[in-house]
S.K.: 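Input: one structure, supplied below.
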There are 2 protein chains.
Amino acid sequence: MTIRLVIADDQALVRGALAALLGLEADIEVVAELGDGAGVAAAVVEHSADVAMLDVEMPGLDGISAAAAVRRAAPSCRVLMVTTFGRPGYLRRAMQAGASGFVVKDTPARQLAEAVRRVHSGLRVVDPTLAEESLMSGDSPLTDREAEVLKAASDGGTVADIAKAAMLSEGTVRNYLSAAMAKTGGRTRAESVRLAHEHGWLL
Amino acid sequence: MTIRLVIADDQALVRGALAALLGLEADIEVVAELGDGAGVAAAVVEHSADVAMLDVEMPGLDGISAAAAVRRAAPSCRVLMVTTFGRPGYLRRAMQAGASGFVVKDTPARQLAEAVRRVHSGLRVVDPTLAEESLMSGDSPLTDREAEVLKAASDGGTVADIAKAAMLSEGTVRNYLSAAMAKTGGRTRAESVRLAHEHGWLL
DNA sequence: CTAGTCCCATGACATTTGTCATGCCGAACG
DNA sequence: CGTTCGGCATGACAAATGTCATGGGACTAG
(Lines give C-alpha, C1' and ligand atoms only; values in the text may rest on other atoms or scores of the structure.)
Protein backbone atom coordinates (compact mmCIF):
# COMPACT_ATOMS: atom_id res chain seq x y z
CA MET A 1 0.00 0.00 0.00
CA THR A 2 1.32 3.40 -0.98
CA ILE A 3 1.68 6.36 1.33
CA ARG A 4 -0.51 9.22 0.16
CA LEU A 5 1.46 12.46 0.64
CA VAL A 6 0.49 16.14 0.65
CA ILE A 7 3.29 18.69 0.26
CA ALA A 8 3.09 22.37 1.25
CA ASP A 9 5.96 24.77 0.68
CA ASP A 10 5.83 28.36 -0.47
CA GLN A 11 8.75 28.06 -2.88
CA ALA A 12 7.41 26.50 -6.04
CA LEU A 13 10.78 25.21 -7.13
CA VAL A 14 11.50 23.46 -3.85
CA ARG A 15 7.99 22.13 -3.72
CA GLY A 16 8.26 20.70 -7.20
CA ALA A 17 11.68 19.24 -6.57
CA LEU A 18 10.55 17.55 -3.38
CA ALA A 19 7.48 16.17 -5.09
CA ALA A 20 9.57 14.82 -7.96
CA LEU A 21 12.10 13.32 -5.60
CA LEU A 22 9.59 11.60 -3.35
CA GLY A 23 7.40 10.60 -6.26
CA LEU A 24 10.23 8.38 -7.46
CA GLU A 25 9.82 6.19 -4.39
CA ALA A 26 7.71 3.16 -5.16
CA ASP A 27 5.73 3.33 -1.96
CA ILE A 28 5.01 7.05 -1.96
CA GLU A 29 2.42 8.88 -3.99
CA VAL A 30 2.22 12.68 -3.98
CA VAL A 31 -1.48 13.49 -4.15
CA ALA A 32 -1.38 17.27 -3.70
CA GLU A 33 1.01 20.23 -3.70
CA LEU A 34 0.16 23.52 -1.98
CA GLY A 35 1.85 26.90 -1.94
CA ASP A 36 0.52 28.06 1.41
CA GLY A 37 -0.91 26.66 4.63
CA ALA A 38 -4.49 27.77 4.22
CA GLY A 39 -5.76 24.89 2.10
CA VAL A 40 -3.70 22.09 3.60
CA ALA A 41 -6.33 20.66 5.96
CA ALA A 42 -8.93 20.63 3.21
CA ALA A 43 -6.54 18.98 0.76
CA VAL A 44 -5.65 16.29 3.30
CA VAL A 45 -9.31 15.45 3.78
CA GLU A 46 -10.15 15.57 0.09
CA HIS A 47 -7.33 13.24 -0.93
CA SER A 48 -7.44 11.00 2.16
CA ALA A 49 -3.75 11.70 2.68
CA ASP A 50 -1.67 9.65 5.10
CA VAL A 51 1.12 12.18 5.64
CA ALA A 52 1.35 15.95 5.26
CA MET A 53 4.77 17.50 4.73
CA LEU A 54 4.71 21.16 5.74
CA ASP A 55 7.17 24.02 5.66
CA VAL A 56 7.16 26.18 8.81
CA GLU A 57 7.67 29.46 7.00
CA MET A 58 4.75 30.11 4.70
CA PRO A 59 2.71 33.16 3.74
CA GLY A 60 -0.82 33.26 5.08
CA LEU A 61 -1.36 30.40 7.48
CA ASP A 62 2.03 29.32 8.88
CA GLY A 63 3.10 25.70 9.05
CA ILE A 64 2.56 25.30 12.80
CA SER A 65 -1.03 26.49 12.60
CA ALA A 66 -1.56 24.39 9.49
CA ALA A 67 -0.29 21.35 11.38
CA ALA A 68 -2.83 21.93 14.13
CA ALA A 69 -5.56 22.34 11.52
CA VAL A 70 -4.61 19.06 9.90
CA ARG A 71 -4.67 17.22 13.22
CA ARG A 72 -8.13 18.58 13.94
CA ALA A 73 -9.53 17.83 10.51
CA ALA A 74 -7.91 14.41 10.01
CA PRO A 75 -6.48 12.86 13.19
CA SER A 76 -5.26 9.81 11.28
CA CYS A 77 -2.99 11.93 9.08
CA ARG A 78 0.56 12.37 10.39
CA VAL A 79 2.39 15.65 10.01
CA LEU A 80 6.07 16.00 9.08
CA MET A 81 7.51 19.49 9.39
CA VAL A 82 10.33 20.49 7.06
CA THR A 83 12.00 23.82 7.64
CA THR A 84 14.83 25.90 6.29
CA PHE A 85 15.91 27.28 9.64
CA GLY A 86 16.67 25.09 12.61
CA ARG A 87 15.19 27.42 15.18
CA PRO A 88 15.04 25.37 18.38
CA GLY A 89 11.72 26.84 19.46
CA TYR A 90 10.03 25.70 16.29
CA LEU A 91 10.48 22.08 17.22
CA ARG A 92 8.67 22.42 20.52
CA ARG A 93 5.90 24.46 18.98
CA ALA A 94 5.48 21.99 16.17
CA MET A 95 5.30 19.04 18.53
CA GLN A 96 2.72 20.81 20.68
CA ALA A 97 0.71 21.43 17.53
CA GLY A 98 0.64 17.68 16.92
CA ALA A 99 3.46 17.14 14.43
CA SER A 100 5.05 13.70 14.36
CA GLY A 101 8.33 14.65 12.76
CA PHE A 102 10.62 17.60 12.31
CA VAL A 103 13.59 17.81 9.95
CA VAL A 104 15.62 20.68 8.54
CA LYS A 105 16.21 21.15 4.83
CA ASP A 106 19.84 20.31 5.33
CA THR A 107 18.79 16.69 5.70
CA PRO A 108 20.33 14.50 2.99
CA ALA A 109 17.73 13.93 0.32
CA ARG A 110 17.50 10.17 0.63
CA GLN A 111 16.79 10.33 4.34
CA LEU A 112 13.69 12.29 3.59
CA ALA A 113 11.75 9.41 2.09
CA GLU A 114 12.76 7.35 5.09
CA ALA A 115 11.44 10.07 7.40
CA VAL A 116 8.13 10.01 5.58
CA ARG A 117 7.90 6.25 6.08
CA ARG A 118 8.76 6.42 9.77
CA VAL A 119 6.21 9.13 10.39
CA HIS A 120 3.61 7.16 8.51
CA SER A 121 4.23 4.07 10.62
CA GLY A 122 3.61 6.07 13.78
CA LEU A 123 7.19 6.75 14.83
CA ARG A 124 8.48 10.16 15.70
CA VAL A 125 11.29 11.60 13.62
CA VAL A 126 13.34 14.44 15.03
CA ASP A 127 16.54 15.88 13.68
CA PRO A 128 19.10 14.90 16.34
CA THR A 129 21.13 18.12 16.18
CA LEU A 130 17.96 20.07 16.61
CA ALA A 131 16.70 18.01 19.53
CA GLU A 132 19.85 18.79 21.44
CA GLU A 133 19.61 22.50 20.82
CA SER A 134 15.95 22.43 21.73
CA LEU A 135 16.70 21.15 25.20
CA MET A 136 19.32 23.84 25.53
CA SER A 137 17.15 26.81 24.72
CA GLY A 138 13.95 25.54 26.29
CA ASP A 139 10.69 27.41 26.35
CA SER A 140 10.39 31.00 25.39
CA PRO A 141 10.89 33.20 28.45
CA LEU A 142 8.78 35.89 26.86
CA THR A 143 5.22 36.56 27.95
CA ASP A 144 2.56 36.79 25.29
CA ARG A 145 2.54 40.56 25.37
CA GLU A 146 6.30 40.81 25.31
CA ALA A 147 6.46 38.57 22.28
CA GLU A 148 3.66 40.52 20.64
CA VAL A 149 5.38 43.84 21.16
CA LEU A 150 8.75 42.49 20.10
CA LYS A 151 7.20 41.09 16.96
CA ALA A 152 5.58 44.43 16.23
CA ALA A 153 8.99 46.02 16.62
CA SER A 154 10.60 43.65 14.15
CA ASP A 155 9.95 45.78 11.09
CA GLY A 156 11.80 48.73 12.55
CA GLY A 157 9.03 51.07 13.59
CA THR A 158 9.25 53.53 16.48
CA VAL A 159 7.73 53.06 19.92
CA ALA A 160 4.85 55.27 18.82
CA ASP A 161 4.16 52.99 15.83
CA ILE A 162 4.15 49.90 18.01
CA ALA A 163 1.94 51.49 20.64
CA LYS A 164 -0.62 52.41 18.02
CA ALA A 165 -0.53 48.96 16.43
CA ALA A 166 -0.86 47.15 19.76
CA MET A 167 -3.29 49.62 21.30
CA LEU A 168 -0.97 50.26 24.23
CA SER A 169 0.56 53.37 25.71
CA GLU A 170 4.10 54.25 24.75
CA GLY A 171 5.34 53.80 28.28
CA THR A 172 3.95 50.29 28.41
CA VAL A 173 5.55 49.42 25.11
CA ARG A 174 8.88 50.62 26.39
CA ASN A 175 8.42 48.49 29.48
CA TYR A 176 7.75 45.37 27.48
CA LEU A 177 10.65 46.02 25.17
CA SER A 178 12.89 46.57 28.15
CA ALA A 179 11.75 43.30 29.72
CA ALA A 180 12.17 41.46 26.43
CA MET A 181 15.66 42.83 26.03
CA ALA A 182 16.60 41.65 29.51
CA LYS A 183 15.21 38.17 28.86
CA THR A 184 16.75 37.73 25.44
CA GLY A 185 20.10 39.17 26.47
CA GLY A 186 20.06 41.82 23.78
CA ARG A 187 21.44 45.28 24.41
CA THR A 188 19.29 47.04 21.86
CA ARG A 189 15.81 46.55 20.58
CA ALA A 190 17.03 45.39 17.20
CA GLU A 191 19.39 42.86 18.71
CA SER A 192 16.64 41.42 20.86
CA VAL A 193 14.44 41.03 17.82
CA ARG A 194 17.19 39.14 16.07
CA LEU A 195 17.98 36.91 19.05
CA ALA A 196 14.36 36.07 19.76
CA HIS A 197 13.89 35.28 16.09
CA GLU A 198 16.86 32.96 16.02
CA HIS A 199 15.52 31.10 19.03
CA GLY A 200 12.19 30.68 17.32
CA TRP A 201 10.40 32.64 20.01
CA LEU A 202 8.58 34.84 17.55
CA LEU A 203 5.70 33.26 15.63
CA MET B 1 26.03 16.22 -26.30
CA THR B 2 25.07 16.55 -22.67
CA ILE B 3 25.27 19.72 -20.62
CA ARG B 4 27.71 19.33 -17.74
CA LEU B 5 26.20 21.08 -14.71
CA VAL B 6 27.62 22.16 -11.35
CA ILE B 7 25.13 22.95 -8.56
CA ALA B 8 25.87 25.04 -5.47
CA ASP B 9 23.27 25.63 -2.77
CA ASP B 10 23.76 25.71 0.98
CA GLN B 11 20.63 23.70 1.74
CA ALA B 12 21.54 20.06 1.26
CA LEU B 13 17.96 19.00 0.71
CA VAL B 14 17.29 21.60 -1.95
CA ARG B 15 20.62 20.87 -3.57
CA GLY B 16 19.90 17.16 -3.71
CA ALA B 17 16.38 17.68 -4.96
CA LEU B 18 17.54 19.99 -7.73
CA ALA B 19 20.25 17.57 -8.75
CA ALA B 20 17.79 14.68 -8.84
CA LEU B 21 15.30 16.70 -10.81
CA LEU B 22 17.74 17.97 -13.41
CA GLY B 23 19.56 14.66 -13.57
CA LEU B 24 16.39 13.14 -15.00
CA GLU B 25 16.75 15.25 -18.12
CA ALA B 26 18.39 13.29 -20.88
CA ASP B 27 20.63 16.14 -21.98
CA ILE B 28 21.81 17.27 -18.56
CA GLU B 29 24.43 15.66 -16.40
CA VAL B 30 25.12 16.89 -12.87
CA VAL B 31 28.86 16.57 -12.38
CA ALA B 32 29.28 18.24 -8.99
CA GLU B 33 27.28 19.47 -5.99
CA LEU B 34 28.68 22.08 -3.57
CA GLY B 35 27.41 23.40 -0.27
CA ASP B 36 29.13 26.79 -0.46
CA GLY B 37 30.59 29.17 -2.97
CA ALA B 38 34.27 28.75 -2.13
CA GLY B 39 35.00 25.68 -4.24
CA VAL B 40 32.73 26.40 -7.16
CA ALA B 41 35.31 27.84 -9.55
CA ALA B 42 37.69 24.95 -8.89
CA ALA B 43 34.92 22.40 -9.39
CA VAL B 44 33.90 24.00 -12.67
CA VAL B 45 37.46 23.74 -13.97
CA GLU B 46 38.02 20.24 -12.67
CA HIS B 47 34.87 18.84 -14.28
CA SER B 48 34.91 21.00 -17.40
CA ALA B 49 31.41 22.14 -16.59
CA ASP B 50 29.27 23.98 -19.12
CA VAL B 51 26.88 25.63 -16.69
CA ALA B 52 27.09 26.53 -12.99
CA MET B 53 23.87 26.91 -11.05
CA LEU B 54 24.47 29.08 -7.97
CA ASP B 55 22.39 30.21 -5.02
CA VAL B 56 22.88 33.86 -4.09
CA GLU B 57 22.64 33.31 -0.34
CA MET B 58 25.43 31.03 0.79
CA PRO B 59 27.78 30.89 3.76
CA GLY B 60 31.40 31.76 3.07
CA LEU B 61 31.73 33.02 -0.47
CA ASP B 62 28.37 34.38 -1.65
CA GLY B 63 26.86 33.48 -5.01
CA ILE B 64 27.64 36.80 -6.67
CA SER B 65 31.32 36.59 -5.83
CA ALA B 66 31.35 32.94 -6.80
CA ALA B 67 29.86 33.84 -10.16
CA ALA B 68 32.66 36.32 -10.78
CA ALA B 69 35.21 33.70 -9.78
CA VAL B 70 33.73 31.20 -12.22
CA ARG B 71 33.82 33.71 -15.05
CA ARG B 72 37.46 34.45 -14.36
CA ALA B 73 38.49 30.81 -14.03
CA ALA B 74 36.43 29.43 -16.90
CA PRO B 75 35.06 32.07 -19.29
CA SER B 76 33.31 29.42 -21.37
CA CYS B 77 31.16 28.30 -18.44
CA ARG B 78 27.82 30.08 -18.16
CA VAL B 79 26.38 31.00 -14.78
CA LEU B 80 22.72 30.68 -13.82
CA MET B 81 21.76 32.28 -10.51
CA VAL B 82 18.93 30.75 -8.51
CA THR B 83 17.72 32.57 -5.45
CA THR B 84 15.08 32.34 -2.77
CA PHE B 85 14.44 36.05 -2.53
CA GLY B 86 13.64 38.20 -5.52
CA ARG B 87 15.57 41.22 -4.35
CA PRO B 88 15.69 43.54 -7.39
CA GLY B 89 19.25 44.64 -6.66
CA TYR B 90 20.54 41.10 -6.79
CA LEU B 91 19.73 40.82 -10.47
CA ARG B 92 21.81 43.81 -11.42
CA ARG B 93 24.70 42.73 -9.24
CA ALA B 94 24.60 39.22 -10.64
CA MET B 95 24.60 40.45 -14.22
CA GLN B 96 27.53 42.75 -13.52
CA ALA B 97 29.36 39.76 -12.07
CA GLY B 98 28.91 37.95 -15.37
CA ALA B 99 25.86 35.77 -14.77
CA SER B 100 23.85 34.77 -17.84
CA GLY B 101 20.60 33.96 -16.10
CA PHE B 102 18.68 34.75 -12.97
CA VAL B 103 15.58 32.95 -11.71
CA VAL B 104 13.82 32.82 -8.35
CA LYS B 105 13.01 29.56 -6.61
CA ASP B 106 9.34 30.19 -7.25
CA THR B 107 9.98 29.21 -10.84
CA PRO B 108 7.95 26.15 -11.84
CA ALA B 109 10.25 23.14 -11.72
CA ARG B 110 10.01 22.16 -15.37
CA GLN B 111 11.04 25.62 -16.53
CA LEU B 112 14.31 25.18 -14.73
CA ALA B 113 15.74 22.61 -17.13
CA GLU B 114 14.71 24.89 -19.96
CA ALA B 115 16.54 27.79 -18.29
CA VAL B 116 19.68 25.67 -18.05
CA ARG B 117 19.48 24.88 -21.77
CA ARG B 118 18.93 28.51 -22.76
CA VAL B 119 21.83 29.68 -20.67
CA HIS B 120 24.02 26.97 -22.13
CA SER B 121 23.18 28.03 -25.66
CA GLY B 122 24.28 31.57 -24.91
CA LEU B 123 20.90 33.18 -24.32
CA ARG B 124 20.10 35.26 -21.29
CA VAL B 125 17.35 34.11 -18.97
CA VAL B 126 15.77 36.59 -16.61
CA ASP B 127 12.69 36.17 -14.49
CA PRO B 128 10.24 38.63 -16.13
CA THR B 129 8.63 39.79 -12.87
CA LEU B 130 12.05 40.48 -11.46
CA ALA B 131 13.27 42.38 -14.50
CA GLU B 132 10.39 44.81 -14.14
CA GLU B 133 11.04 45.42 -10.47
CA SER B 134 14.71 45.83 -11.18
CA LEU B 135 14.08 48.73 -13.48
CA MET B 136 11.83 50.23 -10.86
CA SER B 137 14.25 50.23 -8.00
CA GLY B 138 17.35 50.96 -10.02
CA ASP B 139 20.82 51.26 -8.63
CA SER B 140 21.54 51.45 -4.97
CA PRO B 141 21.56 55.09 -3.88
CA LEU B 142 23.88 54.17 -1.04
CA THR B 143 27.53 55.00 -1.13
CA ASP B 144 29.98 52.19 -0.36
CA ARG B 145 30.62 53.34 3.17
CA GLU B 146 26.95 53.91 3.84
CA ALA B 147 26.17 50.38 2.74
CA GLU B 148 29.05 49.04 4.80
CA VAL B 149 27.89 50.80 7.94
CA LEU B 150 24.28 49.86 7.38
CA LYS B 151 25.30 46.25 6.92
CA ALA B 152 27.30 46.38 10.14
CA ALA B 153 24.20 47.72 11.87
CA SER B 154 22.02 44.90 10.63
CA ASP B 155 22.65 42.61 13.56
CA GLY B 156 21.41 45.14 16.05
CA GLY B 157 24.60 46.47 17.61
CA THR B 158 25.03 49.96 19.01
CA VAL B 159 26.80 52.83 17.28
CA ALA B 160 29.86 52.06 19.38
CA ASP B 161 29.91 48.46 18.12
CA ILE B 162 29.66 49.55 14.52
CA ALA B 163 32.32 52.20 14.92
CA LYS B 164 34.73 49.65 16.36
CA ALA B 165 33.98 47.11 13.65
CA ALA B 166 34.38 49.63 10.83
CA MET B 167 37.29 51.51 12.38
CA LEU B 168 35.38 54.78 12.27
CA SER B 169 34.48 57.38 14.87
CA GLU B 170 31.03 57.24 16.40
CA GLY B 171 30.08 60.59 14.94
CA THR B 172 30.95 59.42 11.46
CA VAL B 173 28.92 56.29 11.90
CA ARG B 174 25.95 58.34 12.98
CA ASN B 175 26.39 60.51 9.92
CA TYR B 176 26.38 57.56 7.55
CA LEU B 177 23.42 56.01 9.24
CA SER B 178 21.59 59.29 9.03
CA ALA B 179 22.38 59.59 5.32
CA ALA B 180 21.38 55.98 4.72
CA MET B 181 18.09 56.54 6.52
CA ALA B 182 17.36 59.56 4.36
CA LYS B 183 18.14 57.67 1.16
CA THR B 184 16.21 54.53 2.03
CA GLY B 185 13.24 56.42 3.41
CA GLY B 186 13.41 54.71 6.76
CA ARG B 187 12.61 56.59 9.95
CA THR B 188 14.74 54.45 12.21
CA ARG B 189 17.97 52.59 11.78
CA ALA B 190 16.25 49.22 11.94
CA GLU B 191 13.71 50.20 9.32
CA SER B 192 16.43 51.36 6.97
CA VAL B 193 18.24 48.07 7.37
CA ARG B 194 15.07 46.22 6.47
CA LEU B 195 14.29 48.43 3.48
CA ALA B 196 17.80 48.32 2.08
CA HIS B 197 17.81 44.58 2.52
CA GLU B 198 14.53 44.16 0.66
CA HIS B 199 15.88 46.21 -2.22
CA GLY B 200 18.95 44.03 -2.37
CA TRP B 201 21.24 46.92 -1.62
CA LEU B 202 23.10 45.05 1.08
CA LEU B 203 25.40 42.30 -0.18
C1' DC C 1 42.97 74.87 -12.07
C1' DT C 2 38.47 74.49 -10.25
C1' DA C 3 34.33 72.39 -9.03
C1' DG C 4 32.24 68.50 -7.48
C1' DT C 5 32.03 64.28 -4.87
C1' DC C 6 33.08 61.10 -1.49
C1' DC C 7 35.42 59.91 2.85
C1' DC C 8 36.42 61.22 7.40
C1' DA C 9 35.73 63.75 11.46
C1' DT C 10 33.95 67.12 15.29
C1' DG C 11 30.71 69.29 18.30
C1' DA C 12 26.21 70.78 19.64
C1' DC C 13 21.44 69.86 19.92
C1' DA C 14 16.60 67.89 20.22
C1' DT C 15 14.46 63.58 20.25
C1' DT C 16 14.03 58.87 21.24
C1' DT C 17 15.13 55.01 23.84
C1' DG C 18 16.04 52.12 27.75
C1' DT C 19 15.77 51.86 32.90
C1' DC C 20 13.71 52.19 37.26
C1' DA C 21 10.33 52.94 40.89
C1' DT C 22 5.69 52.79 41.68
C1' DG C 23 0.83 51.90 41.41
C1' DC C 24 -3.86 49.70 40.11
C1' DC C 25 -6.59 45.85 38.47
C1' DG C 26 -7.93 41.11 37.58
C1' DA C 27 -7.06 36.16 37.38
C1' DA C 28 -4.92 32.02 39.16
C1' DC C 29 -3.45 29.34 43.06
C1' DG C 30 -2.64 27.85 47.60
C1' DC D 1 -8.92 35.00 51.68
C1' DG D 2 -4.39 36.48 50.79
C1' DT D 3 -0.53 36.12 47.77
C1' DT D 4 1.47 36.03 43.57
C1' DC D 5 1.84 37.04 38.81
C1' DG D 6 0.84 39.25 34.48
C1' DG D 7 -1.21 43.16 31.96
C1' DC D 8 -1.50 48.05 32.00
C1' DA D 9 0.01 52.58 33.01
C1' DT D 10 2.68 56.96 34.71
C1' DG D 11 6.62 59.84 35.52
C1' DA D 12 11.37 60.80 35.83
C1' DC D 13 16.02 60.29 34.37
C1' DA D 14 20.41 58.84 32.04
C1' DA D 15 22.06 57.18 27.79
C1' DA D 16 21.85 56.47 22.96
C1' DT D 17 20.30 58.12 18.68
C1' DG D 18 19.34 61.13 14.76
C1' DT D 19 20.10 65.88 12.80
C1' DC D 20 22.70 69.75 11.44
C1' DA D 21 26.45 72.82 10.48
C1' DT D 22 31.07 72.74 9.43
C1' DG D 23 35.64 71.66 7.69
C1' DG D 24 39.73 69.23 5.77
C1' DG D 25 41.87 65.82 2.51
C1' DA D 26 41.81 62.92 -1.67
C1' DC D 27 40.40 61.98 -6.12
C1' DT D 28 37.93 62.92 -10.61
C1' DA D 29 35.95 65.37 -14.37
C1' DG D 30 35.46 69.41 -16.99
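Throughout, a chain's letter reflects where its sequence line sits, starting with A, and its residues are numbered from 1.
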S.K.: Write down the distance between CG (A/Asp144) and P (C/dA28), rounded to a whole number of angstrom.
M.R.: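 So the CG-P distance, A/Asp144 to C/dA28, works out to 14 Å.
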
S.K.: How long is the line joining CG of A/Leu168 and P of D/dG6, in whole Å?
M.R.: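 Between P of D/dG6 and CG of A/Leu168: 17 Å.
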
S.K.: Does a side-chain N or O from B/Arg189 land closer than 4.0 Å to OP1 or OP2 of D/dT17, or not?
M.R.: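 Checking B/Arg189 against D/dT17: at least one side-chain N or O falls below 4.0 Å of OP1 or OP2.
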
S.K.: Between A/Thr188 and B/Gly156 (side chain of the first, backbone of the second, donor and acceptor by atom type, cut-off under 3.5 Å), is there such a pair?
M.R.: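 Yes; at least one donor-acceptor contact below 3.5 Å.
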
S.K.: Could you state the CG-C1' distance from A/Leu150 to C/dT17, rounded to the nearest angstrom?
M.R.: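 Those two atoms, CG and C1', are 15 Å apart.
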
S.K.: With hydrogens left out and only the distance checked, is there a donor-acceptor pair under 3.5 Å joining B/Asn175's side chain and the base of D/dT22?
M.R.: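 Answer no: no donor N or O sits under 3.5 Å from an acceptor.
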
S.K.: Taking only side-chain N and O atoms of A/Ser169, does any of them lie within less than 4.0 angstrom of OP1 or OP2 on D/dC8?
M.R.: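 Answer is no, no contact under 4.0 Å.
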
S.K.: Between B/Asp55 and B/Arg15, does at least one N-O distance fall below 4.0 Å, as a salt bridge requires?
M.R.: no

S.K.: Between A/Leu22 and A/Met53, is a side-chain contact (heavy atoms from CB on, under 4.5 Å) present by the stated rule, with each step listed?
M.R.: CA-CA 11 Å; A/Leu22 291 169; A/Met53 203 168 116; 3.8 Å; yes

S.K.: Measure from NZ on B/Lys164 to P on D/dA16 and round the result to the nearest Å.
M.R.: 13 Å

S.K.: Check this for me: does any side-chain nitrogen of one of B/Glu148 and B/Lys151 sit under 4.0 Å from a carboxylate oxygen of the other?
M.R.: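 No, B/Glu148 and B/Lys151 are not salt-bridged.
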
S.K.: Between C/dT16 atom P and A/Asp161 atom CG, what is the distance in whole Å?
M.R.: 11 Å

S.K.: Taking CD1 from B/Ile162 and C1' from C/dA9, how many angstroms apart are they, rounded to a whole number?
M.R.: 17 Å

S.K.: What's the CZ-C1' distance between A/Arg187 and C/dT19, to the nearest Å?
M.R.: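 It is 16 Å, rounded to the nearest whole Å.
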
S.K.: Counting side-chain heavy atoms from CB outward, which of C/dT19, C/dC8, D/dG7 is closest to A/Tyr176?
M.R.: D/dG7

S.K.: Distance check: side-chain N/O of B/Arg145 vs OP1/OP2 of C/dC8, anything under 4.0 Å?
M.R.: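 Yes.
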
S.K.: From the list D/dG7, D/dT19, C/dC7, which nucleotide is the closest neighbour of the side chain of B/Thr143?
M.R.: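 The nucleotide sitting nearest to the side chain is C/dC7.
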
S.K.: Return no unless some side-chain N or O of A/Thr172 is found under 4.0 Å from OP1 or OP2 of D/dG7.
M.R.: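 For A/Thr172, the contact criterion (side-chain N or O under 4.0 Å from OP1 or OP2 of D/dG7) is not met.
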
S.K.: For C/dT19, does OP1 or OP2 lie under 4.0 Å from any side-chain N or O of A/Arg174?
M.R.: no

S.K.: Spell out, as yes or no, whether a donor-acceptor pair under 3.5 Å connects the side chain of A/Arg4 to the backbone of A/His47.
M.R.: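 Pair found, side chain donor or acceptor close to backbone of A/His47.
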
S.K.: Of B/Glu170 and A/Ala190, whose closest DNA chain C nucleotide lies nearer the 5' terminus?
M.R.: B/Glu170

S.K.: Within this structure, what is the CG-to-C1' distance between A/Leu177 and C/dT16, rounded to whole angstrom?
M.R.: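 Going from CG in A/Leu177 over to C1' in C/dT16 covers 12 Å.
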
S.K.: Using only side-chain N and O atoms of A/Thr158, determine if any of them is under 4.0 Å from OP1 or OP2 of C/dT16.
M.R.: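 A/Thr158 to C/dT16 OP1/OP2: no side-chain N or O under 4.0 Å.
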
